[in-house]
Undergrad: 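Sharing a structure, written as structure tokens. Questions coming.
Counting begins at 1 with the first residue of the sequence. Note that the structure is predicted; figures quoted are calculated from it, not measured.
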Amino acid sequence: MEYSVSNIKVMEGLDAVRMRPGMYIGSTGQRGLHHLLWEIVDNSIDEAANGYADEISVTLNRDKSVTVCDNGRGIPVGIHEKMGVSGVEVVFTQLHAGGKFGNDSYGYSGGLHGVGASVVNALSRWTKVEVFCENRAYKIEFSSEETNENGHIISGKPLSPLTEVGRTRKQGTIVTFLPDDRVFETLDMSYDIIAKRLRELAYLNRGVKLVLDDNRDWGKNRHAEFRFEGGLSDFVSYLNEDKTPLYSAPIHFSGKSGDIAVEVAIQHNDGFSDNIFSYVNNIPTTEGGTHETGFKAALTKVMNDYSRKIGALKDKDPQLAGEDFREGITAVLSLKMKTIQFEGQTKTKLGNTEARPAVETVVQQQLFAYLEDLKNAETANLMVDKALKAAKVRAAARKAKETAREKNKLENAPLVGKLASCTGRDYSRNELFIVEGDSAGGSAKQGRDRRFQAILPLRGKPLNVEKKRLEQVLQNEEFRSIITALGTGIGEDFNINTLKYDKIIILSDADQDGAHIRAILLTFFYRYMKKLIVEGHVYMGMPPLYKLQKPNGEPVYCYDDAALKQALRGMGKNYTLQRYKGLGEMNPEQLWETTMNPAGRRLVRVTIEDAAEVEHLVTVLMGDKVQSRKEYIFDHANFLHGQTVYDKIRE
């Protein structure tokens with residue numbers, strides 16, 4: 001094949017975004033669709049974070065367009081000296097154009113740093129921008145309907161220059177855009193996902209009002225408003241509302257070190273896990289980073305120093321470990337800084353080295369001042385007492401673990417006769433199926449590809465680990481089997497580099513018991529092996545619900561009612577329909593074909609996109625507060641869903 005200079009393509013303007021949308025927004029599914037909205041919302045939030053706006057609204061319109069409005073300064077409307085067009089047109093048509101590269105217009109900013117607005121325009125059928133500033137109203141519209149001589153769509157072309165349309169007392173920017181159905185798999189944005197993110201942003205930006213209106217369904221408009229004068233303090237109270245706090249009011253403080261602003265809220269509860277949620281310029285840093293390292297180091301130092309000062313630790317006593325002071329902690333750490341550097345591909349781990357000393361300085365100064373204040377003595381003593389008890393339990397658990405190792409109980413005994421390991425030693429390819437029940441486990445063992453697929457059947461339901469200490473988890477045979485099979489260790493011994501399987505696949509029945517087992521296992525991974533989820537190793541297998549077959553024909557497997565309804569249209573009258581009540585009803589060949597064969601199976605990767613909301617839901621669904629769980633079920637369960645397609649056919 002000839003390769004010359006004529007083969008080299010130069011993408012003009014926004015064409016590159018439309019050609020490779022995944023490079024800019026991650027995917028063309030619902031996650032990428034929401035990413036468009038976040039880019040526009042982030043621009044408005046940057047105005048609020050820098051003190052120029054205090055109200056932002058998001059409206060989901062009936063035509064599936066979305067409107068974002070703020071009362072900030074408004075995008076600059078003057079003519080750009082280099083481009084010769086208005087600042088608004090530059091922002092929405094030029095990649096890497098915006099006011100966030102220097103620090104003159106924005107002290108702190110999130111988003112894609114000058115790419116966001118233009119990417120939204122490039123991937124929309126049309127975009128309309130209204131700007132209100134200096135008592136004047138301006139408007140410009142963009143379209144992606146026109147094509148060039150090669151038949152390719154011209155993305156985000158302005159229909160006319162920015163035009164002054166009248167006088168106004170309003171201030172701010174309104175952006176309305178219709179995502180392009182030629183790019184995205186769906187245009188249906190999730191009200192719940194948007195509401196959760198706006199709630200989070202309201203916590204992170206104290207006093208800013210965020211409003212959500214869903215006008216897509218006549219007569220069923222939904223409305224929500226979020227505004228929290230307590231900021232991070234209210235955030236921590238929300239995260240702990242279904243737990244039992246150790247002390248009533250969260251510890252809340254802030255300060256600056258150089259150009260880095262640090263804000264922290266802390267409250268311990270009667271649980272045993274530590275939950276630290278961190279943000280940089282309103283961006284969640286799910287994998288932590290240098291700022292979290294600084295927070296943990298400062299917390300440990302301050303609490304050890306204070307414990308010695310009040311005599312809780314004697315001179316001969318060793319320092320308490322950081323995990324002792326973090327047992328049962330819920331903390332939110334928020335940084336505002338000018339230049340962000342992320343580590344890895346996920347962009348959720350902060351890499352700035354200067355963040356650690358900045359956080360350490362602020363936390364040490366502010367937390368020690370809080371503890372020294374006599375009116376906080378009761379809270380301080382409760383924190384120290386909890387850490388001392390945690391240290392004793394940790395020492396006992398370590399001895400128990402060492403004893404178990406010596407007897408080879410933890411490493412070998414739980415797996416005798418249970419794990420069907422694979423022969424391959426390429427851990428990047430190997431898979432572990434955790435299967436509900438011996439019957440399904442037997443079929444999975446026979447149907448698998450033993451070169452890279454291992455099977456671990458569960459005998460009965462494992463323990464619900466929410467609010468259980470590590471030593472209680474280690475006493476559960478099913479969890480000991482999982483820990484041993486994975487090879488990573490657990491708790492302070494966890495090491496993801498020794499993981500024996502790239503994919504850990506939970507395979508359970510599509511019924512209530514199966515859903516409960518999935519929830520228990522996911523809670524276990526979230527509480528004790530969170531890095532497995534964060535780094536994308538945990539999956540849920542999706543077995544089919546139905547099998548359709550005509551005489552002498554190939555079977556058709558349907559994974560939900562919608563797929564069954566579609567398949568029935570082409571079946572005629574002479575066919576058999578089987579509904580699988582459980583994995584045990586499938587023979588090994590069927591289980592391989594539908595659920596285990598990488599060529600055709602369906603897997604759902606478990607992710608943590610909103611760590612704080614995940615923490616809240618795990619507590620609600622798996623904790624011991626029954627009323628909260630009831631309220632969640634009544635709010636979200638569809639009790640009037642009615643019959644399935646299968647039920648109607650049987651009638």
Undergrad: Going through the checks in order, is the side-chain contact (heavy atoms from CB on, under 4.5 Å) test met by Val58 and Val66?
TA: CA-CA 7 Å; Val58 175; Val66 189; 4.0 Å; yes

Undergrad: Measuring from atom CG of Leu603 to atom CD1 of Ile505, what distance do you get when rounded to the nearest 0.5 angstrom?
TA: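 Output value for this atom pair is 5.0 Å.
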
Undergrad: Under a plain distance cut-off of 3.5 Å, with no hydrogens placed, do Arg222 and Tyr191 share a side-chain donor-acceptor pair?
TA: no

Undergrad: Are the charged groups of Asp502 and Arg429 less than 4.0 angstrom apart, N to O?
TA: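 No, no charged N to carboxylate O under 4.0 Å.
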
Undergrad: Taking all atoms of both residues into account, what is the closest heavy-atom pair of Phe184 and Ser27, and its distance?
TA: CE2-O, 4.4 Å

Undergrad: Could you check whether Gln566 and Arg569, counting side-chain N and O atoms only, form a donor-acceptor pair closer than 3.5 Å?
TA: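 A pair is found: one side chain offers a donor N or O, the other an acceptor, under 3.5 Å apart.
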
Undergrad: Might you point out which heavy atoms bring Ser124 and Ser144 nearest each other, and give the distance in Å?
TA: O-OG, 2.8 Å

Undergrad: Under the side chain to side chain contact (heavy atoms under 4.5 Å, CB included) test, which residues partner Tyr580, sequence neighbours left out?
TA: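 Scan of Tyr580 (side chain to side chain contact (heavy atoms under 4.5 Å, CB included), adjacent residues dropped) gives Pro544, Lys547, Tyr557, Gln578, Glu585, Met586, Gln590.
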
Undergrad: Does any N or O in the side chain of Thr576 come within less than 3.5 Å of the main-chain N or O of Gln549, such that one atom is a donor and the other an acceptor?
TA: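 Here the side-chain-to-backbone pair exists.
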
Undergrad: For the atom pair CG (Asn476) and CD1 (Ile483), what is the distance rounded to the nearest 0.5 Å?
TA: 9.0 Å

Undergrad: Checking the side chain of Asn597 only, and the main-chain atoms of Gly600 only, is there a donor and an acceptor separated by less than 3.5 Å?
TA: no

Undergrad: Is the shortest side-chain heavy-atom distance between Glu431 and Phe433 below 4.5 Å?
TA: yes

Undergrad: Looking at side-chain heavy atoms only, is the closest gap between Val534 and Thr607 below 4.5 Å?
TA: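 When only atoms from C-beta onward are counted, Thr607 and Val534 do not touch, as no gap falls below 4.5 Å.
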
Undergrad: What residues form a side chain to side chain contact (heavy atoms under 4.5 Å, CB included) with Thr186, not counting sequence neighbours?
TA: Gln30, Asp188

Undergrad: If only side-chain N and O atoms count, and only distance matters, is there a donor-acceptor pair under 3.5 Å linking Ser190 with Asp192?
TA: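 No, no side-chain donor-acceptor pair sits under 3.5 Å.
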
Undergrad: Measure across Gly489 and Met529 and return the closest heavy-atom pair with its distance rounded to 0.1 Å.
TA: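 Smallest interatomic distance, heavy atoms only, reads O-CE, 3.3 Å.
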
Undergrad: Spell out, as yes or no, whether a donor-acceptor pair under 3.5 Å connects the side chain of Gln472 to the backbone of Arg469.
TA: yes

Undergrad: Does Arg459 reach the side chain of Lys418, with side-chain heavy atoms less than 4.5 Å apart?
TA: yes

Undergrad: With no hydrogens and no angle check, just 3.5 Å: does a side-chain donor-acceptor pair link Tyr546 and Asp561?
TA: yes

Undergrad: Can you tell if the side chain of Trp126 reaches within under 4.5 Å of the side chain of Thr176, non-hydrogen atoms only?
TA: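 Side-chain contact under 4.5 Å: yes.
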
Undergrad: Taking atom CG of Leu470 and atom CD of Gln475, what is their separation to the nearest 0.5 Å?
TA: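 Separation between the atoms: 10.0 Å.
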
Undergrad: Show your working on side-chain contact (heavy atoms from CB on, under 4.5 Å) between Phe272 and Lys468 and close with a plain yes or no.
TA: CA-CA 7 Å; Phe272 309 115; Lys468 294 290 189 292; 5.7 Å; no

Undergrad: Within the 4.5 Å heavy-atom criterion, are Thr498 and Leu486 side-chain neighbours or not?
TA: no

Undergrad: CG of Leu201 to CG of Asp42: how many Å apart, nearest 0.5 Å?
TA: 7.0 Å

Undergrad: To check you understand the geometry: which heavy-atom pair defines the closest contact between Lys500 and Ala485, and what is its length?
TA: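 Looks like CD-O, 3.5 Å.
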
Undergrad: Using side-chain contact (heavy atoms from CB on, under 4.5 Å), reason through Leu239 and Asn275 one step at a time and then give a plain yes or no.
TA: CA-CA 10 Å; Leu239 292 170; Asn275 295 290; over 6 Å; no

Undergrad: Rounded to the nearest 0.5 Å, what separation is found between the CG atom of Leu568 and the SG atom of Cys558?
TA: 7.0 Å

Undergrad: Taking the six-membered ring for Trp, are Tyr528 and Phe524 parallel (under 30°), tilted (30 to 60°) or perpendicular (over 60°)?
TA: tilted

Undergrad: Counting only heavy atoms not in Lys157, do more than 12 sit closer than 6.0 Å to its NZ atom?
TA: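 For Lys157, atom NZ is not crowded (no more than 12 foreign heavy atoms under 6.0 Å).
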
Undergrad: Within a 6.0 Å radius of atom CZ on Arg31, are there more than 12 heavy atoms belonging to other residues, nucleotides or ligands?
TA: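 At most 12 heavy atoms, drawn from other residues, nucleotides or ligands, come within 6.0 Å of this atom.
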
Undergrad: Side chains of Ser155 and Arg18: is there a donor and an acceptor less than 3.5 Å apart?
TA: yes

Undergrad: Taking Arg605 for its side chain and Gly536 for its backbone only, find out whether a donor-acceptor pair lies under 3.5 Å.
TA: yes

Undergrad: Could you state the interatomic distance from CD1 (Ile504) to CD1 (Ile482), rounded to the nearest 0.5 Å?
TA: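 Taking CD1 in Ile504 and CD1 in Ile482, the distance rounds to 9.5 Å.
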
Undergrad: Side chains of Pro462 and Leu521: closer than 4.5 Å at any heavy-atom pair?
TA: yes

Undergrad: With the threshold set at 4.0 Å, does a side-chain nitrogen-carboxylate oxygen contact exist between Arg480 and Glu477?
TA: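 Salt bridge: no.
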
Undergrad: Without swapping roles, check the side chain of Gln453 against the backbone of Asp449 for a donor-acceptor pair under 3.5 Å.
TA: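 Pair found, side chain donor or acceptor close to backbone of Asp449.
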
Undergrad: Please indicate whether Met540 has more than 12 foreign heavy atoms, meaning atoms of other residues, nucleotides or ligands, lying under 6.0 Å from its CE.
TA: yes

Undergrad: How far apart are the C-alpha atoms of Thr127 and Val175, what are their side-chain angles, what is the distance that settles it, and do they pass the side-chain contact (heavy atoms from CB on, under 4.5 Å) test?
TA: CA-CA 7 Å; Thr127 305; Val175 178; 4.2 Å; yes

Undergrad: Against Thr67, only a single residue in Asp213, Asn61, Asn215, Thr59 fulfils side chain to side chain donor-acceptor pair (under 3.5 Å); can you say which?
TA: Asn61

Undergrad: Cation over ring, Arg199 on Tyr238, under 6.0 Å and within 45°?
TA: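 Cation-pi check for Arg199 and Tyr238: passes.
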
Undergrad: Scan residues 523-536 for pairs that pass salt bridge (charged side-chain N to carboxylate O under 4.0 Å, His left out), counting only residues two or more places apart or in two chains.
TA: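 Pairs touching residues 523-536 that pass the test: Glu466-Arg527, Arg527-Glu615, Lys531-Glu535.
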
Undergrad: Quick one, Thr286 and Ile608 - any side-chain contact, counting heavy atoms below 4.5 Å?
TA: yes

Undergrad: For Thr488 and Ile496, indicate whether the former's side chain and the latter's backbone hold a donor-acceptor pair under 3.5 Å.
TA: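 Side chain of Thr488 to backbone of Ile496, a donor-acceptor pair under 3.5 Å: no, none is there.
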
Undergrad: Is it true that a side-chain atom of Ser143 and a backbone atom of Glu145 form a donor plus acceptor pair closer than 3.5 Å?
TA: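 Yes: the side chain of Ser143 pairs with the backbone of Glu145.
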
Undergrad: Kindly indicate whether the side chain of Thr484, heavy atoms from C-beta on, has any atom under 4.5 Å from the side chain of Phe479.
TA: no

Undergrad: What's the shortest heavy-atom distance between Thr285 and Phe342, and which atoms?
TA: CG2-CE2, 3.9 Å

Undergrad: Let me see the working for Thr423 and Arg450 under side chain to side chain donor-acceptor pair (under 3.5 Å), right down to the final yes or no.
TA: CA-CA 6 Å; Thr423 58; Arg450 64 182 61 247; over 6 Å; no

Undergrad: Strictly by modelled atom types, are Thr595 and Arg601 linked by a side-chain donor-acceptor pair under 3.5 Å?
TA: no

Undergrad: If you look at every heavy atom in Thr93 and Leu14, which pair is closest and at what distance?
TA: O-CD2, 3.3 Å

Undergrad: For the backbone of Lys445 and the side chain of Arg448, can you confirm whether one donor and one acceptor N or O come within less than 3.5 Å of each other?
TA: yes

Undergrad: Is a side-chain N or O of Asn430 found less than 3.5 angstrom from the main chain of Gly424, in a donor-acceptor match?
TA: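 Judged by distance alone, yes, a pair lies under 3.5 Å.
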
